[in-house]
There are 2 protein chains.
Amino acid sequence: MNIGQAAKASGVSAKMIRYYEETGLVMPAERSDKGYRIYSDKDVHTLRFIRRARDLGFTVEGIAELLALWRDRGRHSADVKQMAMGHVAALRRKIIELEEMAATLQTLADCCAGDDRPDCPILMDLAAGADGPAKMPHRFGPLAETKV
Amino acid sequence: MNIGQAAKASGVSAKMIRYYEETGLVMPAERSDKGYRIYSDKDVHTLRFIRRARDLGFTVEGIAELLALWRDRGRHSADVKQMAMGHVAALRRKIIELEEMAATLQTLADCCAGDDRPDCPILMDLAAGADGPAKMPHRFGPLAETKV
DNA sequence: ATAAAGGTTCCCATGATGGGAAGGTCAAGC
DNA sequence: GCTTGACCTTCCCATCATGGGAACCTTTAT
């Protein structure tokens, strides 16, 4: 199977498959005599695992750990569970952060007439000193600035 | 005021102040005869506005629009409100996306014994075909892959 | 005078992803 | 056999907001 077919079968783009190979997340694929990458069903299976983990929001680094556990027949399910719960906790922190932003903005917007006059509590809040009504961001460890 | 003092007073790092200048979000600061950037209280006020908008999750591009509205005395508050509500909508979409991830993972983790045995429904789910139980990601426009 | 602190520019890295160019390969149809 | 289009390869660049650090200059305090 060529990379394009593996991409289609796994839901991971050809670009990303090459990237995962380059960064060591997956083993380098075999090559045809002309240098084309060749994928087996097993490879596609692994790629689908990766795709799935990405869909659940794991970073590539986290996926590497998950893959290692997956391959380790002697793994303890506790280790997997701990990883999963750690990720859930990170997701929840991020959710709370976003909810606070949304709530603040919604409150401000609710106070805004939204007509053709220039007066706007949203701008007034932004322009207010840091001591104003909008909430300061809560720091939750290494999750850093929100990208929405 | 030097850049370090402006940074402290505004909550925006010196690095970011230079970056905002370079990318045109703020006007280039005045310079001393030796080339040091000089900031006024007004500049700091603008920087604090920016900081605040970042804390609410606006992108730099969005902040540029907000700043333009802020400076436009003839603005219509409806325009500001629309921007704010658009951002709230984006935040809510992201929140839902993260909540779905967290719920899926939590469900899987709940089914995981979390002991020293290797059997793990989390890994089984990840290894399952794309037709398995874990939810496929819901596409919500241009918000793209979640970074948590 | 000297040292510390802070300024300047420039380059690099992040994380996951896509775009695109230049060039080789394969398969199908004529 | 030859052309064409689809596909592969590598390599470089861009994203977005942020930080790190080097090399070098200035200001301030001792």
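Sequence lines set the chain letters: A, B, ... in the order given, protein chains first and strands last, and positions in each chain run from 1. All values below come from the heavy atoms of this structure, side chains included, with hydrogens, waters and symmetry mates left out. Fair warning: this is a prediction, and the values are worked out from it, not measured in the lab.
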Next item on the list: When you get a sec, tell me which of dG18(C), dA17(D), dG7(C) is the closest nucleotide to the side chain of Met16(A)?
Entry: dG18(C)
Note to self: Can you tell me if Ser13(B) touches the phosphate of dT18(D), counting only side-chain N or O atoms and a distance under 4.0 Å to OP1 or OP2?
What the structure shows: no
Next item on the list: Ignoring the backbone of Arg54(A), work out which of dT25(C), dG7(C), dA16(C) is nearest its side chain.
Entry: dA16(C)
Check: Just by distance, with hydrogens left out, do Asp43(B) and Ser40(B) show a side-chain donor and acceptor under 3.5 Å apart?
Finding: yes
Check: Checking Arg51(A) side chain against Gly11(A) main chain: does a donor-acceptor pair fall under 3.5 Å?
Finding: yes
Item checked: Distance in angstrom units between Ile3(A) CD1 and dT9(D) C1', rounded -> 10 Å
Margin query: Rounded to whole Å, please give me the gap between OH in Tyr19(B) and P in dT8(C).
Written below: 18 Å
Next item on the list: Using atom CD1 of Ile38(A) as one end and atom C1' of dT25(C) as the other, report the distance to the nearest whole Å.
Entry: 13 Å
Checklist line | Met83(A), His76(A), Arg75(A) screened by side chain to side chain contact (heavy atoms under 4.5 Å, CB included) with Asp79(A), the one that passes | finding: His76(A)
Margin query: Reading DNA chain D from 5' onward, which residue's closest nucleotide shows up sooner: Tyr36(B) or Lys15(B)?
Written below: Lys15(B)
Notebook entry, point to check: Under 4.0 Å between a side-chain N/O of Ser32(A) and OP1 or OP2 of dC8(D), yes or no?
Noted result: no
Note to self: Rounding to an integer number of Å, can you tell me how far Asn2(A) CG sits from dA27(C) P?
What the structure shows: 9 Å
Margin query: Using whole Å, what does the distance between atom P of nucleotide dT9(C) and atom NZ of Lys34(B) come to?
Written below: 15 Å
Check: Closer than 4.0 Å, any side-chain N/O of Tyr20(A) to the OP1 or OP2 of dA16(C)?
Finding: no
Notebook entry, point to check: Under 4.0 Å: is that the gap between some side-chain N or O of Arg37(A) and OP1 or OP2 of dC7(D)?
Noted result: no
Notebook entry, point to check: Taking for each residue the nucleotide of DNA chain C with the nearest heavy atom, is it Glu21(B) or Lys8(B) whose nucleotide lies nearer the 5' end?
Noted result: Lys8(B)
Notebook entry, point to check: Closest to the Arg31(B) side chain: dT8(C), dT9(D), dA17(D)?
Noted result: dT8(C)
Check: Between Met1(B) (CE) and dG6(C) (C1'), how many Å, whole number?
Finding: 16 Å
Next item on the list: Starting from P on dT8(C), measure out to CD on Glu30(B) and report it in whole angstrom.
Entry: 14 Å
Notebook entry, point to check: Parallel, tilted or perpendicular for Trp70(B) and His45(B), by the 30°/60° rule?
Noted result: perpendicular
Checklist line | Nearest atoms (heavy-atom pairs only) where Gly35(B) meets Arg31(B) | finding: O-NH1, 2.8 Å
Item checked: Rounded interatomic separation in angstrom, taking CZ from Arg18(A) and P from dG19(C) -> 13 Å
